[in-house]
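Atom set for the values below is all heavy atoms of this structure, side chains included, hydrogens, waters and symmetry mates excluded.
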Amino acid sequence: MRAPERGLDMASSSVPASGADGEAAPWWKSAVVYQIYPRSFADSDGDGVGDLAGIIANLDYLSALGVDVVWISPFYRSPQDDNGYDISDYQDVDPVFGCLADVDELIRALHARGMKLVIDVVVNHTSDEHPWFAESRSSTENPKRDWYWWRRARAGMQAGAPGTEPTNWRSFFSQSAWQLDDTTGEYFLHLFSRRQPDLNWENPQVRQAVYAMLRWWLDRGVDGFRMDVINMISKRLPLQDGPPLPGRQYGDGSAGFICGPRIHEFLHELNTEVISGRDKVLITVGEMPGVTIQDAVRFTDPASAEVDMVFQFEHVELDHGPGGKFDPRPPSLLALKASPGRWQAGLAAGGWNSLYWNNHDQPRAVSRFGSDDPAYRELSAKLLATVLHLHRGTPYVYQGEELGMTNFPFAALSDFRDVESLNYYLHAIEAGRENEEVLAALRSRSRDNARTPMQWDGSPQAGFTTGTPWLAVNPNYREINAAAQRGDPGSVFSYYQQVIALRHELPAVAHGDFTMLAPSNEHIYAFTRRLDDVELLVVANFSDKAATAALPGGQEWAEAELLLSNYPDLAGPRAGPITLRAWEARVQQRAGQRPPAARAPDGPP
């Protein structure tokens, strides 16, 4: 499971490189980030839950993969209502994951290997067990009462009955976004679980408390932050009803909290108070549901001094039906090309993209955008890596993605653990939906698909734990696991090593211009990247049949050097329209110097 660690040769990602404009570019523009969901990565003590010691024990695996940054989902003290995104103490580690000494050792071990650590911070809301909220709910006169959003029932109505909530907003986890608290008879706002009350960022004391906590983590040695739903911290005042949602009891309150009127002010203040003036270049990533390209340009423009990049959701919402994420539709490649194309063009001049197919909240990319068919699973996993990592922006690899891990074959409600999935099931059944219909939707879109344990080897429980895992291991772990793939030059893991190395070694990948080709082709995704005299062509066939596309400069590309392919040979005519086999992807280069050879796959474990 482990390989000799990478040497300290990370100049390509930790030392500023020259961008397209000749100016020094920050290190994160040529970096690759690996996300770890700690509960599901590696269990060191046999209790069935992944932990920090398990992560530390497997850092050589990440070093061999070639990534530059490790982003870890929340490991803070938490009642785990939302698997750690409900934080009760920002400055302590939940005992299930370890202790602060483990964090310090993780930082040391990552830095020794030339990698950096980004931690997930959730400051739109806390757990209802956080001491701040305990004080806030204790009395209407408590000094921390205004640290959260408290409101009385609607005028002239008795608190507690449906429809008496201060606004008609629906929470992301179903039902009202307001919860009545018996202590004072008032409602508190929670955009997510009822155990995740929203902080009131209008209160400067809240902001200063958050900034002090972030500075504390930087002083411990972390290298940046991924900030959960950070574009929801500014609410539009006064809080008002949103438009009704057809067929639902509650309405859409997003206009009241998505990119509110003070969001740029708050993020600039955070940058000034926490990030600016440090003696090293840090990275800040804002998760921003519902963000527009225009907003993202301002958020990520260095002149704005807000965040370095944003996570947007447009491309992972293209397969949502009228009923939302649990009403899935087959994704259209035309739409899937058009969306990243818009974001590439929109952020070309001054902003920066985060590039991802999946994370802890999204189903597995191979099952969603590729193919689960055993004949095409590995090909499609490699294709998805090629397309994503050759875009302009910082790519993210979610744990197991580099192995081609797939969705889980959930059979019953008892298989699920995710609070969003469980809540959706209850409300859908109450609304009259059939059991199998609801389970089919969850099977396809539940967040638990991403949270099944990491598949390390073919031993019991996939080598994740010696105990009973908190969430069942995917039964295909004997075919899909790290031990089987490391040292195999044809594996998905080895292909990811090559794709990552290409970004490090060829500046055009990180900094080149982006031009979309064949936008109306229903099967082929094609684009070019250009920097100075180096031009790259990326072509990929998103289907299980051969597909053809006529591309500009076809004859020149036919004679261009092949840098990377998920097939062992280059087939088809060398002139005329390009023809790709099922799930084939290629990267070709012309008019430039041959780049350094991609880092060879590591040896057997």
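- The side-chain contact (heavy atoms from CB on, under 4.5 Å) test applied to Ser276 returns Asn271, not counting sequence neighbours.
- Residues Glu306 and Thr284 approach most closely at O-OG1, 4.2 Å, considering heavy atoms.
- With a 6.0 Å radius and a threshold of 12 heavy atoms from other residues, nucleotides or ligands, Arg278 has its CZ atom above the threshold.
- Taking both residues in full, the closest heavy atoms of Leu100 and Val93 are given as N-CG2, 3.8 Å, listed atom of the first, atom of the second, then distance.
- Closest of all the heavy-atom pairs between Ile36 and Pro38 is O-CD, 3.3 Å.
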Can Ile55 and Leu106 be said to form a side chain to side chain contact (heavy atoms under 4.5 Å, CB included), step by step?
CA-CA 8 Å; Ile55 296 172; Leu106 177 62; 3.9 Å; yes
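- The OG atom of Ser446 sits 10.5 Å away from the CG atom of Leu439 when rounded to the nearest 0.5 Å.
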Tell me, with the steps shown, if His125 and Asp86 meet side chain to side chain contact (heavy atoms under 4.5 Å, CB included).
CA-CA 7 Å; His125 48 266; Asp86 50 317; 5.9 Å; no
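- Between the side chain of Gln179 and the main chain of Tyr187, no donor-acceptor pair closer than 3.5 Å is present.
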Show your reasoning for whether side chain to side chain donor-acceptor pair (under 3.5 Å) applies to Ser193 and Asp81.
CA-CA 8 Å; Ser193 161; Asp81 183 64; 2.4 Å; yes
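- The salt bridge (Lys or Arg N to Asp or Glu O under 4.0 Å) analysis of residues 232-258, with sequence neighbours excluded, yields the pairs Arg154-Asp241, Asp198-Lys235.
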Tell me, with the steps shown, if Glu420 and Lys325 meet salt bridge (charged side-chain N to carboxylate O under 4.0 Å, His left out).
CA-CA 11 Å; Glu420 179 190 43; Lys325 69 178 284 184; 3.0 Å; yes
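- The pair Asp361-Arg451 counts as a salt bridge, with a side-chain nitrogen and a carboxylate oxygen less than 4.0 angstrom apart.
- Not a single ring pair (Phe, Tyr, Trp, His ring centres under 6.0 Å) links Trp178 to another residue, sequence neighbours left out.
- Here the NZ-CG distance, from Lys144 to Asn200, works out to 13.5 Å after rounding to the nearest 0.5 Å.
- Aromatic ring pairs are classed by plane angle as parallel below 30°, tilted from 30° to 60° and perpendicular above 60°; the pair Tyr90 and Trp132 is tilted.
- Under a 3.5 Å cut-off, the side chain of Glu165 and the backbone N or O of Gly163 do form a donor-acceptor pair.
- Remark: aromatic rings of His360 and Tyr85 are close, center separation under 6.0 Å.
- Applying the salt bridge (Lys or Arg N to Asp or Glu O under 4.0 Å) test to residues at least two apart or on different chains, none of the pairs has a partner in residues 33-54.
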Step-by-step side chain to side chain donor-acceptor pair (under 3.5 Å) determination, Glu401 to Tyr396:
CA-CA 10 Å; Glu401 180 183 343; Tyr396 290 72; over 6 Å; no
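- Contacts classified as ring pair (Phe, Tyr, Trp, His ring centres under 6.0 Å) and involving residues 420-452 (residues at least two apart or in different chains) are given here: Phe326-Tyr424.
- Ion pairing between a basic and an acidic side chain is recognised when a charged N comes within 4.0 Å of a carboxylate O; Arg137 and Asp182 show no such pairing.
- Checked for salt-bridge contact, Asp415 and Arg443 miss the test: no charged N lies under 4.0 Å from a carboxylate O.
- Using a 4.0 Å cut-off between charged side-chain N and carboxylate O, Asp319 and Arg445 make a salt bridge.
- Judged purely by atom type and a 3.5 angstrom limit, Tyr398 uses its side chain to pair as donor or acceptor with the backbone of Ala450.
- Relative orientation of the Trp71 and Phe311 rings is tilted, given thresholds of 30° and 60° on the angle between their planes.
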Asp327 vs Arg329, salt bridge (charged side-chain N to carboxylate O under 4.0 Å, His left out): CA-CA, chis, key distance, verdict
CA-CA 7 Å; Asp327 181 24; Arg329 299 289 188 270; 2.6 Å; yes
Side chain to side chain contact (heavy atoms under 4.5 Å, CB included) for Val419 and Leu422? Distances and angles first, verdict last.
CA-CA 5 Å; Val419 62; Leu422 297 175; 5.8 Å; no
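- Every residue two or more places apart in sequence or in another chain that forms a ring pair (Phe, Tyr, Trp, His ring centres under 6.0 Å) with His315 is listed here: Tyr356.
- From Asp92, atom CG reaches atom CD1 of Ile87 across 12.0 Å, with rounding to the nearest 0.5 Å.
- Partners of Ser332 by side-chain contact (heavy atoms from CB on, under 4.5 Å), not counting sequence neighbours, listed by chain and number: Leu334, Ala335.
- Summarising the geometry, atom OH belonging to Tyr76 is positioned 11.0 Å from atom CG belonging to Asp89; distances are rounded to the nearest 0.5 Å.
- Every residue two or more places apart in sequence or in another chain was checked for a ring pair (Phe, Tyr, Trp, His ring centres under 6.0 Å) with Phe464, and none qualifies.
- Classification of Arg226 and Asp228 as a salt-bridged pair holds, one side-chain N sitting under 4.0 Å from a carboxylate O.
- Residues satisfying the ring pair (Phe, Tyr, Trp, His ring centres under 6.0 Å) criterion with Phe173, sequence neighbours excluded, are Phe192.
- With respect to the salt-bridge test (charged N to carboxylate O, under 4.0 angstrom), the residues Glu186 and Arg145 qualify.
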Check the pair Lys116, Leu110 against side chain to side chain contact (heavy atoms under 4.5 Å, CB included), reporting the backbone distance first and the verdict last.
CA-CA 6 Å; Lys116 301 178 185 295; Leu110 281 168; over 6 Å; no
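- Atom CG of residue Asn203 and atom CG of residue Asp146 lie 5.0 Å apart, to the nearest 0.5 angstrom.
- Here the straight-line distance linking atom OG of Ser171 with atom CZ of Arg194 works out to 8.0 Å at 0.5 Å rounding.
- Sorted by first then second residue, the ring pair (Phe, Tyr, Trp, His ring centres under 6.0 Å) pairs that include residues 150-171, not counting sequence neighbours, are Phe133-Trp150, Trp150-Phe188, Trp169-Phe257.
- Using a cut-off of 4.0 Å between Lys/Arg side-chain N and Asp/Glu carboxylate O, Glu202 and Arg262 are scored as salt-bridged.
- Scored by the side chain to side chain donor-acceptor pair (under 3.5 Å) test, Arg342 finds Glu314 as partners (sequence neighbours excluded).
- For Glu273, the side-chain contact (heavy atoms from CB on, under 4.5 Å) criterion is met by Gln208, Tyr211, Arg215, Glu269, not counting sequence neighbours.
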Determine, step by step, whether Ser127 and Ser88 satisfy the side chain to side chain donor-acceptor pair (under 3.5 Å) criterion, reporting the C-alpha distance in whole Å, the side-chain angles of both residues, the deciding distance to 0.1 Å, and the verdict.
CA-CA 5 Å; Ser127 165; Ser88 57; 5.2 Å; no
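- A salt bridge links Arg195 with Glu129; the closest basic N to acidic carboxylate O contact falls under 4.0 Å.
- Between Arg417 and Asp448, none of the side-chain N atoms (NZ, or NE/NH1/NH2) sits under 4.0 Å from a carboxylate O, so this pair counts as no salt bridge.
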Walk me through it: do Arg447 and Asp418 pass the test salt bridge (charged side-chain N to carboxylate O under 4.0 Å, His left out)?
CA-CA 7 Å; Arg447 302 190 301 180; Asp418 174 37; 2.6 Å; yes
